[in-house]
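I have placed the structure first, in the form of structure tokens, so that the comments after it can refer back to it.
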Number of protein chains: 2
Amino acid sequence: MNEELINQFVETWGTMGSAWGVNNSVARVHGLLIITDRPWCIDEIVERLQISKSNVSTSLKELRSWNVIRKVFLPGDRREFYACEPDAWEMLFNIMRQRKQRELDPILASISLTCEQAKKAPSGIAVDRLAQMKQMLDVFDNLARLALKSEAQVKALVSLLPNRK
Amino acid sequence: MNEELINQFVETWGTMGSAWGVNNSVARVHGLLIITDRPWCIDEIVERLQISKSNVSTSLKELRSWNVIRKVFLPGDRREFYACEPDAWEMLFNIMRQRKQRELDPILASISLTCEQAKKAPSGIAVDRLAQMKQMLDVFDNLARLALKSEAQVKALVSLLPNRK
DNA sequence: CTGTATGTTCAGAACATACAGAACATACAG
DNA sequence: CTGTATGTTCTGTATGTTCTGAACATACAG
């Protein structure tokens with residue numbers, strides 16, 4: 001078992017999480033499940049990552065809410081194990097779905113409202129600037145919708161992209 | 001002057017910032033510059049947003065580092081004014097450029113390294129899972145490269161997207 | 001039932017971040 | 001020069017987040 005490489009990946013994944021607003025512990029647990037590709041139970045994770053059981057429990061709950069891990073029951077074992085979503089793109093889509101819903105949709109609603117009001121208002125504010133922002137967010141919204149509606153096609157499409165030398 | 005609508009937008013932009021890992025004050029200042037579309041000096045921002053001068057100064061510095069605002073000198077006024085990048089897409093590209101450089105590139109480098117080592121190693125880790133992750137990050141890298149290399153085309157392309165009803 | 005294994009929630013400690021105000025730096029007017 | 005206007009950096013405090021260990025809940029074996 002190549003402990004050191006696992007650590008490397010887990011810490012990288014943790015760092016990446018931090019950069020994107022995901023708690024470090026949560027991301028490390030996720031990283032562990034990704035890189036080892038086998039089910040882990042809480043106490044094994046506690047032991048492996050040297051963090052408290054409550055922290056692991058909370059992190060797993062968080063990961064479940066993003067639909068990127070699932071419970072696995074091993075026959076003859078009372079403990080609950082967790083394994084990560086096996087398809088990386090599927091994982092990404094699940095995260096996108098959640099983030100769009102939690103973060104993009106409310107913002108878009110709010111900006112649209114402001115935009116509407118601004119058109120009627122006596123003004124003094126940059127109406128077309130505001131419209132530009134709304135338009136940009138709309139584009140994201142549409143891209144996300146398209147991608148999430150046609151997951152298979154997106155997967156196929158990205159595989160056509162030129163590889164960097 | 002429509003104070004209330006400005007507040008609405010500024011707070012929304014601040015909230016959005018928080019969701020994407022940008023400090024709330026930084027995002028609010030940015031929002032103010034976006035929505036009013038005219039140059040502001042520090043003390044005006046202090047007065048308008050009711051935050052300290054040091055906070056505004058730091059926030060402006062941060063925004064400058066993302067290349068989304070620029071200094072403006074008004075004739076006959078010693079103060080430094082700031083206005084935001086006038087083109088929303090250009091603003092987005094500038095942010096993408098910075099985030100890619102600061103966050104994606106280092107992660108990609110680290111994962112690539114781990115991936116190489118894993119191929120040679122005695123294993124026990126999920127090599128193909130790791131490769132899948134690397135491949136996904138590569139796709140992002142390529143997409144970002146393409147977009148940033150052909151900004152005009154991207155702007156043209158997104159305008160073709162279907163609008164939501 | 002009862003005791004043990006397992007998992008979750010809670011409360012406070014440790015840590016990190018954000019912010020205001022003070023101190024400092026700079027540059028210009030007179 | 002000197003004093004004032006303007007901006008930046010520093011420092012301590014307040015606020016918020018994360019993490020641990022303990023308390024609590026649940027479920028199963030015997």
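The analysis underlying the following values was restricted to heavy atoms, covering all of them including side chains, and did not include hydrogens, waters or symmetry mates. Each chain gets a letter, A, B and so on, in the order the sequences are listed, and its residues count up from 1.
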Quiz item: Backbone N or O of A:K53 within a donor-acceptor pair of the A:S57 side chain at under 3.5 Å?
Solution: no

Quiz prompt | Minimum heavy-atom distance between A:T12 and B:S110, given as atom pair plus value | solution =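 So the two residues come closest at OG1-OG, 2.8 Å.
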
Quiz item: What would the secondary structure line of DNA chain C be in dot-bracket form, counting Watson-Crick and G-U wobble pairs under 3.5 Å, with [ ] for pairs that cross earlier ones and | for pairs with another strand?
Solution: ||||||||||||||||||||||||||||||

Quiz item: Between residues 14-27 of chain B and DNA chain D, which residues have a heavy-atom gap below 4.0 Å?
Solution: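 Result for residues 14-27 of chain B: none.
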
My understanding is that only residues two or more places apart in sequence, or in another chain, count here; which of them pass side chain to side chain donor-acceptor pair (under 3.5 Å) with [X]?
X	answer
A:N23	none
A:R97	A:N94, A:E151
A:D43	none
A:T114	B:Q8

Quiz item: side chain to side chain donor-acceptor pair (under 3.5 Å) between A:N7 and A:R28: does it pass, once the steps are laid out?
Solution: CA-CA 9 Å; A:N7 292 347; A:R28 287 177 75 225; over 6 Å; no

Exercise. Report which part of the nucleic acid B:R78 touches: base, sugar-phosphate, or nothing (heavy-atom distance under 4.0 Å, all strands).
Key: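 Base: the residue B:R78, judged by heavy atoms under 4.0 Å, touches a nucleobase.
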
Other than [X], which residues form its hydrophobic cluster under the rule that side-chain heavy atoms must be closer than 4.5 Å?
X	result
B:F73	none
B:L113	none
B:F81	B:V72, B:L74

Quiz prompt | Pairwise salt bridge (Lys or Arg N to Asp or Glu O under 4.0 Å) hits with a residue in residues 56-67 of chain B, at least two apart | solution = none

Exercise. Assign the ring pair A:W89 / A:F93 to parallel, tilted or perpendicular, where the plane angle (0 to 90°) is split at 30° and 60°.
Key: tilted

Quiz prompt | Boundaries of the DNA chain C segment in contact with chain B, non-hydrogen, under 4.0 Å | solution = C:dA18 to C:dC28

Show me the protein contacts with nucleotides 8-12 of chain D, counting only N or O atoms at under 3.5 Å.
from	atom 1	to	atom 2	distance (Å)
D:dT8	OP2	B:S57	OG	2.9
D:dT9	OP2	B:K61	NZ	3.2

